[in-house]
Every structure is written in C-alpha cells, then in structure tokens.
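See structure below.
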Amino acid sequence: MTMNDGIMETTAPKKRMLSGIKPSGDLTLGSYLGAIKNWAERADSYECFYFMADLHAITVRQNPADLRRRTLEQLAQYIACGLDPEKNTLFIQSHVHQHAELGWVLDCYAMFGELSRMTQFKDKSAKNADNINGGLFTYPALMAADILLYQPDYVPVGEDQKQHVELCHTIARRFNGIYGDVFKLPEAFVPKVGARIMSLTNPTAKMSKSENEDTGRVLVMDTPETIMRQFKRAITDSDTENCVRYDRENKPGVSNLMTIYSACTGKTYEQIQTEFAGMGYGKFKPAVGEAVVETLRPIREEAVRLMKDKAYLEGVYRAGAEKASYVAEKTLRKVYKKVGFVAK
Ligand code: TYM
C-alpha cells in the first residue's frame with residue numbers, strides 16, 4: 001500500500017473516482033490543471049467514471065450547435081489527456097437518464113437555505129441577472145445525484161467545486177439518516193498545486209471557460225502562438241522587486257504563474273525561485289508559456305486527430321453510457337424503493 005497525495009493506493013479492489021466538467025465553454029488550462037490532469041494521473045489505479053455535464057451546462061443559455069461540438073470535443077480531450085476508454089467509463093450525462101431522476105429526488109432533500117448559500121449560485125446569478133432559473137439554483141442537488149449514483153470514494157475537483165461536494169455530503173447524510181446507509185460519502189480530492197488557476201490578466205479572478213478571450217484565459221486547444229501571446233501579456237505585480245517569489249497575497253500575478261509552471265514541470269516553488277533568481281519577470285513569463293505549450297501540445301494534437309473520427313467517439317460514449325447506466329440504475333432502484341415508490 002502506498003500513499004500518494006494523501007490518497008491510499010492499494011492492490012486490493014480498485015477504489016472508485018468520479019468527476020465531470022460542463023461543456024459550457026472550451027476547456028481551459030484551469031480545467032486541465034485543476035481537474036483532468038489529476039484524473040489522468042490516477043486512471044490506472046482507480047475505477048473511474050468521467051462525464052460531460054451537459055445537463056448542468058444548460059443552466060446558462062447555450063448555443064445548441066456549440067454545445068454539441070464542445071461535448072464531443074471534451075470527450076476527445078479526455079481521451080487525449082490519457083483517459084483510456086477501455087479502462088475508464090467516459091459518458092455524456094444526458095445519456096444516462098438516472099442523473100435527472102435522482103437529481104429530482106435529491107431536490108426534495110436539499111434545503112432552500114443550503115442552496116442559497118452556494119458561492120457559485122451567487123456568482124452565476126450576478127453574472128446572468130436576466131436568467132436566474134430554477135436549474136441554476138438546484139444545480140448542486142443534480143451534482144449530488146451525479147456523484148451518489150456511482151458510490152465513488154473520491155471526487156477529483158478544483159477548489160471552486162469543494163463547496164458543492166460538501167453539500168453533497170450534507171444531502172447524503174440527511175438521506176441516510178432517514179432511510180439507512182444508502183449512499184457512500186465520497187471525499188473531494190483537490191490537487192495540492194493547481195486547484196485554483198487564476199486569469200492571466202486579472203489574477204484575483206478564476207480562469208474561467210465561460211469568459212471571453214480577453215480575460216486572460218488559455219484554452220487546451222490554443223495554438224502555441226496564442227499561448228505564448230497570452231503569457232507575454234500576463235499581468236505581473238507592480239512591486240519594485242521584479243523578482244520571482246511565491247506570495248499569493250502580495251504577488252498574486254507572479255504566484256499564479258509560479259503555480260502554473262510548477263504544475264506543468266513538477267518543480268517546487270523553491271526550485272523555481274532559484275531557477276529564475278535575478279532574472280526578473282521578463283524572462284519568467286515566456287518560460288511559463290513554453291512549459292504550458294509543451295504540456296498542452298500532445299493533448300491538442302491527439303484531440304484534433306480524434307475529432308476527425310466521429311464514429312470512434314460515438315462508440316466510446318455509447319459504451320460509456322451503457323456501463324454507467326448499469327451502475328447508476330442499481331442505486332436509483334434502491335433509492336426509489338427506500339422512498340416508497342411502487343416497483344415497476
Ligand atoms: P466546471 O465545469 O466549472 O469545471 C470543471 C473542473 O475544473 C475545475 N476548474 C478549475 N480548477 C482550477 N483552476 C481553475 N481556474 C478551474 N476552473 C475549473 C473545477 O473545479 C472542476 O473540477 N459542477 C461542476 C461539474 C460537475 C461535477 C459533477 C464535478 C457536475 N457534476 C459531479 C464533479 C462531480 C462544474 O461546474 O465544473
């Protein structure tokens with residue numbers, strides 16, 4: 001048995017991991033470093049379920065053609081990042097009807113006050129004041145259903161999703177408290193480095209896929225030229241020391257770049273500080289850009305290749321939905337029985 005990032009790895013039956021991403025925008029470096037990189041690194045040691053959260057995506061208005069393209073592209077990117085569909089269950093959320101069904105049941109076990117306190121709900125309602133719909137509000141209950149259907153041990157997510165995983169616990173505990181041990185309580189697994197990648201032009205805001213290009217985001221599918229341009233434009237701090245040193249509070253711009261460089265190269269902050277000692281920000285920014293280019297290059301190239309093979313992608317998501325449904329159905333049946341629905 002070995003310890004890796006606090007997670008026990010064992011040769012006994014594999015532990016289960018589950019996570020998802022909304023295809024509400026093109027994947028960013030943040031989605032990669034905060035989530036998928038972690039999934040891919042553990043794909044062989046865990047039984048993994050990863051999905052494209054299209055049901056969640058429509059809580060904000062989507063262009064249908066873009067949503068379809070992004071869902072497929074996201075699947076291609078999952079595979080290109082190292083998630084082998086033979087070993088991992090990769091599926092589209094709307095193909096597994098049990099998500100919506102358990103989502104409804106859990107709506108009835110999630111409290112208004114709890115849902116109102118969710119940071120993401122508050123942020124998204126502020127940004128979409130003309131579309132504060134019911135789905136945006138009950139989103140965490142659907143997310144709890146996504147998770148609990150599969151009884152996973154770990155949910156690998158970035159920092160911003162921790163609150164939702166905690167609410168999932170609250171809902172599961174409430175349900176178990178009434179009906180007995182129906183749901184397993186999973187742990188959020190947040191990476192030590194890369195859990196919160198900030199915008200390159202506003203290092204106090206999260207790098208987000210739903211923002212536009214000028215907001216300092218880097219996409220997984222960006223060309224090397226675009227990536228280098230974005231890093232050269234990255235905001236560094238207006239202190240006078242012009243020195244590469246990690247200090248989130250006083251040097252958010254440089255610290256964000258150090259996090260990105262560390263996550264891409266595996267170097268510690270101390271090693272990075274030594275490497276760039278006396279060089280200033282002018283040398284550091286393109287070096288981070290190059291590390292990102294090299295990290296994303298193989299992923300982009302493989303995803304582009306896979307996107308040309310629609311039949312292959314279709315085979316993957318169909319098989320994935322079948323496997324996922326099998327597991328999800330068992331949990332849903334149990335839940336329906338517990339709450340008192342008549343069996344079909
Ligand atoms: P989403 O689509 O906003 O983000 C997907 C994953 O990427 C992480 N992430 C980041 N990590 C670090 N820095 C960033 N700038 C950054 N931006 C995004 C997120 O934390 C997340 O892990 N509600 C979820 C999707 C979801 C889900 C689930 C996740 C639906 N059902 C069940 C886990 C389990 C979401 O909106 O993630």
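Just so you know, ligand 1 is whichever comes first in the structure, and atom 1 is the first atom listed for that ligand. For this chain, numbers begin at 1 and follow the sequence in order. Hydrogens, waters and symmetry mates are skipped; everything else that's a heavy atom, side chains included, is used.
The distance criterion of under 3.5 Å between nitrogen or oxygen atoms is met by G158 with respect to ligand 1. By the 3.5 Å distance cut-off applied to N or O atoms, M143 is not counted among the residues near ligand 1. Considering backbone and side-chain atoms together, T28 places no N or O closer than 3.5 Å to any N or O of ligand 1. Polar contact check, A53 against ligand 1: no nitrogen or oxygen pair lies under 3.5 Å apart. Inclusion of A35 in the set of residues having an N or O under 3.5 Å from an N or O of ligand 1 is not warranted.
Remark: ligand 1 atoms within the under-4.0 Å shell around heavy atoms of V155 are 33 (C), 34 (C). Residue Q161 has at least one heavy-atom neighbour below 4.0 Å for each of these atoms of ligand 1: 19 (C), 20 (O), 21 (C), 23 (N), 24 (C), 35 (C), 36 (O), 37 (O). Atoms of ligand 1 found under 4.0 Å from any heavy atom of I147, numbered from 1 in the order shown, are 32 (C), 34 (C). Per-residue contacts place G194 under 4.0 angstrom from the following atoms of ligand 1 (heavy atoms of the residue considered): 12 (C). The ligand atoms of ligand 1 that sit less than 4.0 angstrom from a heavy atom of V157 are 22 (O), 33 (C). Each of the following atoms of ligand 1 lies closer than 4.0 Å to a heavy atom of S31: 7 (O). Shown in contact with D160 at under 4.0 Å from a heavy atom are these atoms of ligand 1, numbered in order with element: 19 (C), 20 (O). Residue-ligand proximity, G34 to ligand 1, at heavy-atom distances under 4.0 Å covers atoms 11 (N), 12 (C).
Of all protein heavy atoms, the one lying nearest to atom 33 (C) of ligand 1 is S19 OG, 3.5 Å. In terms of protein heavy-atom proximity, atom 2 (O) of ligand 1 is closest to K209 NZ, 2.7 Å. Scanning the protein for heavy atoms near atom 29 (C) of ligand 1, the closest one is G20 O, 3.4 Å. Atom 23 (N) of ligand 1 has Y139 OH, 2.7 Å as its closest protein atom, hydrogens excluded (heavy atom only). Protein heavy atom closest to atom 5 (C) of ligand 1, with residue, atom name and distance, is I21 CG1, 3.5 Å. Counting protein heavy atoms only, atom 3 (O) of ligand 1 is closest to K22 NZ, 3.2 Å. Ranking the protein heavy atoms by distance from atom 12 (C) of ligand 1 puts A195 O, 3.1 Å first. The protein atom (non-hydrogen) at minimum distance from atom 17 (N) of ligand 1 is M207 O, 3.7 Å.
Salt-bridge formation is detected for the pair D26/R69: a Lys NZ or Arg NE/NH1/NH2 atom is positioned less than 4.0 Å from an Asp or Glu carboxylate oxygen. At a threshold of 4.0 Å, the pair R196-D160 does not count as salt-bridged, since none of the basic side-chain nitrogens sits closer than that to a carboxylate oxygen. Salt-bridge formation is not detected for the pair E47/K15: no Lys NZ or Arg NE/NH1/NH2 atom is positioned less than 4.0 Å from an Asp or Glu carboxylate oxygen. Between K37 and E41, at least one side-chain nitrogen of the basic residue sits less than 4.0 Å from a carboxylate oxygen of the acidic one, meeting the salt-bridge criterion. Comment: E114 engages R174 in a salt bridge, judged by a side-chain N to carboxylate O separation of less than 4.0 angstrom. Between R229 and E225 there is no salt bridge, since none of the side-chain N atoms of the basic residue sits less than 4.0 Å from a carboxylate O of the acidic one. With respect to R245 and E241, a salt bridge is recorded, a charged nitrogen being found less than 4.0 Å from a carboxylate O.
Between H164 and Y139, the gap from one ring centroid to the other is short of 6.0 Å.
Taking CD from E101 and CG from L106, the interatomic distance works out to 12.0 Å, rounded to the nearest 0.5 Å.
Below 30°, between 30° and 60°, or above 60°: for Y154 and Y46 the angle between ring planes is above 60°, a perpendicular geometry. Ring geometry for F284 against F276 counts as perpendicular: the plane angle is over 60°, on a 0 to 90° scale with 30° as the lower cut.
Contacts between F51 and ligand 1, counted as non-hydrogen atom pairs separated by less than 4.0 Å, involve the side chain only.
Just one of Y326, Y150, Y317 meets the ring pair (Phe, Tyr, Trp, His ring centres under 6.0 Å) condition when paired with F91; it is Y150.
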Walk me through it: do E302 and Q77 pass the test side chain to side chain donor-acceptor pair (under 3.5 Å)? CA-CA 8 Å; E302 180 63 359; Q77 289 168 332; over 6 Å; no

